[in-house]
Undergrad: 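Here's a structure for you.
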Amino acid sequence: MADYKYDILVCGGTGCRATESELLVSNLKAELKTLQLDSEVQVVSTGCFGFCEKGPIVKIMPDNTFYTQVNASDAAEIVSEHIVKGRKVNRLLYLDPVENKNVADSKNMDFYKKQLRVALRNCGFINPENIEESIARDGYSALGTILQSITPEGVIDILKKSGLRGRGGGGFPTGIKWEMARKNNADQKYVVCNADEGDPGAFMDRSILEGDPHSVLEAMAICGYCIGATKGLIYIRAEYPLAIKRLKVAIGQAREYGLLGKNILDFGFDFDVELRYGAGAFVCGEETSLIHSMEGKRGEPTVKPPFPAESGFMNKPTIVNNVETYANIPVIINKGADWFASIGTEKSKGTKVFALAGKINNVGLIEVPMGTTLREVIFEIGGGIKNGKKFKAVQTGGPSGGCLTEKHLDIPIDFDNLIAAGSMMGSGGMIVMDEDDCMVSMAKFFLEFTVEESCGKCAPCRIGNKRLFEILTKITDGKGVKQDLTDLRNLCNVIKDTSLCGLGQTSPNPILSTMENFWHEYVDHIENHKCEAAHCRALMKYEIDEENCIGCTACARACPVAAITGSKKMPHIINQAICIKCGACMEKCKFNAVILK
Amino acid sequence: MTKIRTLDDLRNLRTNLRQGMDMRENADNPDSVVQIKVAMATCGIASGAKKTMDFFVTELRKRQITALVTQTGCMGYCYAEPTIEVTIPGKTPVVFGNVTENVADEIIEKYIKKGELVDGIIPQTFNPIDK
Ligand SMILES: Cc1cc2nc3c(=O)[nH]c(=O)nc-3n(C[C@H](O)[C@H](O)[C@H](O)COP(=O)(O)O)c2cc1C
Ligand code: SF4
């Protein structure tokens with residue numbers, strides 16, 4: 001093995017690749033070669049570092065230097081300055097926005113200080129396309145250990161003691177699920193990994209698969225051993241080409257090394273994994289739907305029970321677990337149930353990965369211990385609200401979740417606390433909203449998504465959500481009446497109670513929680529025709545401020561519908577009956593006389 | 001690559017591969033290992049700091065001492081280049097001057113392994129680099 005003095009880690013996740021991180025890798029390699037440093041310095045393309053806001057990211061080891069927004073053309077300077085002369089390239093260092101100072105070591109960045117990486121332990125650390133880097137980081141050693149010395153019941157016991165709950169949304173205890181599947185006798189059973197990840201803005205699972213595919217494969221094999229299955233299937237959406245490619249490479253290498261296939265490590269245990277592609281329907285993330293889709297049927301849910309652990313894929317006992325759930329399992333076995341159970345809150349153990357999105361400074365992927373507060377996540381790790389605006393709300397749990405407000409900021413995040421607060425954990429999407437976001441429109445945005453994604457199998461969801469969407473549209477168009485609010489609430493409750501699957505059962509949550517927390521905004525839209533966030537165009541009026549208007553006539557000439565009248569050098573007036581609210585006048589006025597109210 | 005046939009195979013492979021990851025692993029927990037910073041500014045490079053650094057990287061690995069060897073800019077002791085700063089976990093950093101390969105060897109054997117001091121310590125109140 002070569003004695004490398006430096007490892008240059010370059011993020012090869014989807015986000016950073018979009019900004020040419022691949023070219024950066026080849027430039028770095030070429031530069032090192034020219035200077036004959038390629039035997040001393042290794043360039044490694046890794047998975048996501050999580051700090052996507054400022055990608056592409058480059059991290060130089062061993063000194064932990066963290067460079068952000070690195071262009072492919074910066075390669076030469078990094079090599080000649082940092083590697084050859086040992087001087088950090090200051091302009092590429094992360095600039096702490098609060099102290100306005102460069103931070104060289106990522107350990108000192110607020111973004112990383114409070115994070116604890118368990119599921120993401122290898123993301124941004126190893127080359128996901130090289131199984132040896134995974135093995136060096138204990139890859140497949142948990143599988144080896146249990147095959148040698150722990151019974152399936154023993155492993156299930158460890159999982160139960162660890163307190164691990166499913167990360168796909170429901171939070172069901174993983175050990176208990178596996179025990180059910182183990183107890184159901186069958187000639188064949190299946191282990192399925194749910195990598196459908198359909199929530200808008202979520203990319204936790206994608207990043208794990210792109211950054212550390214072997215941990216998921218290993219965990220699936222562990223599950224196979226526990227429940228008595230020899231076949232694993234990963235259901236992944238076709239829109240994730242890089243994750244698919246990395247998985248294929250990983251499966252190929254694992255087979256080549258004998259870590260998947262027949263008689264693994266000579267313990268007489270067979271297990272192999274195949275990929276199944278989804279077309280990207282949100283409802284196909286629901287486990288029964290996912291199973292039907294894999295069977296080649298329409299991706300529609302069916303009633304539970306029977307649960308997949310009783311009768312799933314091909315009517316055989318099947319375990320469906322989420323990507324992140326799997327990624328936790330090898331570590332739990334290596335470090336022990338007690339270690340895992342020591343992290344988190346009383347009923348939610350371990351960590352959770354969140355995808356931060358919306359009006360937050362540090363958009364990206366984070367992992368924190370359960371029990372971390374929303375305030376810590378949003379204001380410390382997330383760096384607060386963009387452009388110094390005021391925090392208004394955060395939507396957790398995606399389209400099935402609810403919005404939480406200022407008063408919820410200090411609750412420790414875990415499965416139960418979020419539900420008690422009227423939202424849910426979901427798969428870990430977090431969309432942050434500021435004062436410019438209208439909550440009625442926000443609810444409408446999520447409803448539009450559910451209407452689009454409803455499979456249409458049952459009436460409450462298919463028809464009900466459409467009606468909800470129509471009422472919300474009416475309100476944001478300024479045509480709402482008071483009765484709409486009662487109708488909304490009643491309909492929400494009916495849909496929740498009578499829908500067949502989780503999609504319909506949770507789709508009214510964004511409306512219910514915004515009505516709960518921002519009731520006045522709904523009333524304002526209806527009674528006062530006002531949108532406090534100045535978001536709903538239909539409720540806005542363009543007016544001319546007499547004081548500022550000098551009567552230059554620029555606006556009147558710009559108006560496409562001749563709604564503006566007035567004589568020269570006299571204040572002009574907009575005729576509201578004619579105005580189509582296009583905003584042309586506002587753009588033209590040089591004296592800030594046109595105002596939006 | 002031959003197949004990994006048994007758990008022992010896997011464990012051996014892991015041990016062998018481990019070294020390749022050590023640098024990243026240690027960088028993740030710098031406070032738990034011996035840290036050596038080599039001053040590599042122009043003056044350092046001119047006086048052979050690169051050779052000193054190479055020596056540390058290779059020899060520490062050979063002698064199976066887990067350490068983190070990094071380079072830094074000028075430490076301000078240009079008269080005594082190559083200079084290095086050694087931090088043993090839990091101790092205050094110590095700066096050594098004129099570290100040729102021979103001195104480096106002595107530093108590893110005496111200071112790093114046994115905690116004995118070596119000639120050539122720059123008498124200076126502790127003033128960490130990089131700060
Ligand atoms: C509409 C809907 C969409 C879902 N989408 C996903 C998904 O994208 N990924 C996922 O892991 N689970 C999703 N689930 C949850 C799954 O049905 C299932 O509970 C989960 O995969 C179980 O794994 P876990 O116990 O590891 O969380 C979805 C559920 C519903 C109702
Ligand atoms: S609730 Fe919606 S998505 Fe679920 S089965 Fe009914 S129609 Fe389909």
Side-chain angles (χ1 to χ4, degrees), chain A residues 1-7 9 40 42 44 46 59-65 81-88 104-107 117 121-122 124-127 130-141 143-149 253-259 261 263-267, chain B residues 1-31 33 35-46 49-50 53-62 66-75 82 129-131:
Chain A
M1 175 162 292
D3 265 349
Y4 290 117
K5 288 196 198 70
Y6 282 105
D7 283 348
L9 311 182
E40 292 183 22
Q42 177 177 221
V44 187
T46 69
K59 190 166 176 178
I60 302 200
M61 296 295 217
D63 47 62
N64 258 320
T65 306
E81 280 296 302
H82 192 125
I83 303 293
V84 176
K85 302 199 189 112
R87 290 202 288 245
K88 299 192 161 112
D105 187 334
S106 56
K107 288 193 183 319
R117 300 191 141 213
R121 65 196 175 282
N122 286 333
F125 202 89
I126 63 165
N127 175 353
N130 180 355
I131 191 172
E132 297 200 340
E133 294 208 343
S134 167
I135 291 173
R137 289 270 283 177
D138 297 328
Y140 296 95
S141 73
L143 177 64
T145 308
I146 61 158
L147 289 177
Q148 184 186 46
S149 54
Q253 289 181 350
R255 283 183 189 149
E256 199 184 309
Y257 278 66
L259 296 166
N263 193 18
I264 294 170
L265 300 174
D266 205 24
F267 289 111
Chain B
M1 169 67 213
T2 43
K3 274 202 168 182
I4 303 172
R5 293 193 193 284
T6 64
L7 184 53
D8 285 337
D9 281 359
L10 178 69
R11 288 188 175 146
N12 290 337
L13 180 64
R14 181 191 163 283
T15 315
N16 291 338
L17 292 172
R18 187 79 201 175
Q19 244 192 14
M21 293 299 276
D22 264 355
M23 184 207 301
R24 272 178 250 170
E25 208 75 62
N26 297 336
D28 224 28
N29 301 295
D31 297 336
V33 297
Q35 292 181 64
I36 299 175
K37 290 182 181 160
V38 184
M40 289 269 263
T42 318
C43 46
I45 297 173
K50 194 152 179 55
M53 180 165 173
D54 289 352
F55 183 84
F56 274 113
V57 172
T58 332
E59 287 304 312
L60 288 167
R61 252 176 227 172
K62 236 189 244 162
T66 346
L68 197 60
V69 185
T70 54
Q71 42 178 283
T72 105
C74 182
M75 292 192 202
I129 309 170
D130 278 356
K131 295 238 163 91

Undergrad: Do Tyr257(A) and Leu13(B) have side chains that get closer than 4.5 Å, going by heavy atoms?
TA: yes
Undergrad: Leu9(A), Leu143(A), Asp105(A): which one forms the most heavy-atom pairs within less than 4.5 Å of chain B?
TA: Leu9(A)
Undergrad: Would you say Asn26(B) and Met61(A) make side-chain contact, with heavy atoms under 4.5 Å?
TA: no
Undergrad: At a heavy-atom distance under 4.5 Å, which candidate from Glu40(A), Gln42(A), Lys107(A), Arg255(A) has the highest pair count against chain B?
TA: Lys107(A)
Undergrad: Under the side chain to side chain contact (heavy atoms under 4.5 Å, CB included) criterion, do Thr6(B) and Asp266(A) qualify, and how do the steps go?
TA: CA-CA 5 Å; Thr6(B) 64; Asp266(A) 205 24; 4.3 Å; yes
Undergrad: Would you compute the distance between atom CZ of Arg137(A) and atom CG of Leu17(B) and round it to the nearest 0.5 angstrom?
TA: 13.5 Å
Undergrad: Minimum heavy-atom separation for Pro62(A) and Thr70(B), please, with both atom names.
TA: CG-CG2, 3.5 Å
Undergrad: I'd like to know if the side chain of Lys5(A) and the backbone of Val69(B) have a donor-acceptor N/O pair within less than 3.5 Å.
TA: no
Undergrad: Would you please name every residue forming a side-chain hydrogen bond (donor to acceptor under 3.5 Å, both in side chains) with Thr145(A), sequence neighbours left out?
TA: none
Undergrad: Less than 4.5 Å apart, any side-chain heavy atom of Ile4(B) and any of Tyr140(A)?
TA: no
Undergrad: With a 4.5 Å cut-off on side-chain heavy atoms, are Met21(B) and Asp7(A) touching?
TA: no
Undergrad: One pair to check against salt bridge (Lys or Arg N to Asp or Glu O under 4.0 Å): Lys37(B) and Asp63(A). What are the steps and the verdict?
TA: CA-CA 10 Å; Lys37(B) 290 182 181 160; Asp63(A) 47 62; over 6 Å; no
Undergrad: In chain order, what residues pass the side-chain contact (heavy atoms from CB on, under 4.5 Å) check against Arg18(B), with sequence neighbours excluded?
TA: Asp138(A), Arg14(B), Asp22(B), Glu25(B)
Undergrad: Find out whether Leu7(B) and Phe267(A) are in side-chain contact, i.e. whether some heavy atom of one side chain is under 4.5 Å from a heavy atom of the other.
TA: yes
Undergrad: Less than 4.5 Å to any heavy atom of chain B: does that hold for the side chain of Ile135(A), its backbone, both, or neither?
TA: both
Undergrad: So which part of Asp28(B) gets closer than 4.5 Å to some heavy atom of chain A, the side chain, the backbone, both or neither?
TA: both
Undergrad: Hey, which of Arg5(B), Arg11(B), Arg24(B) has the most heavy atom pairs under 4.5 Å with chain A?
TA: Arg24(B)
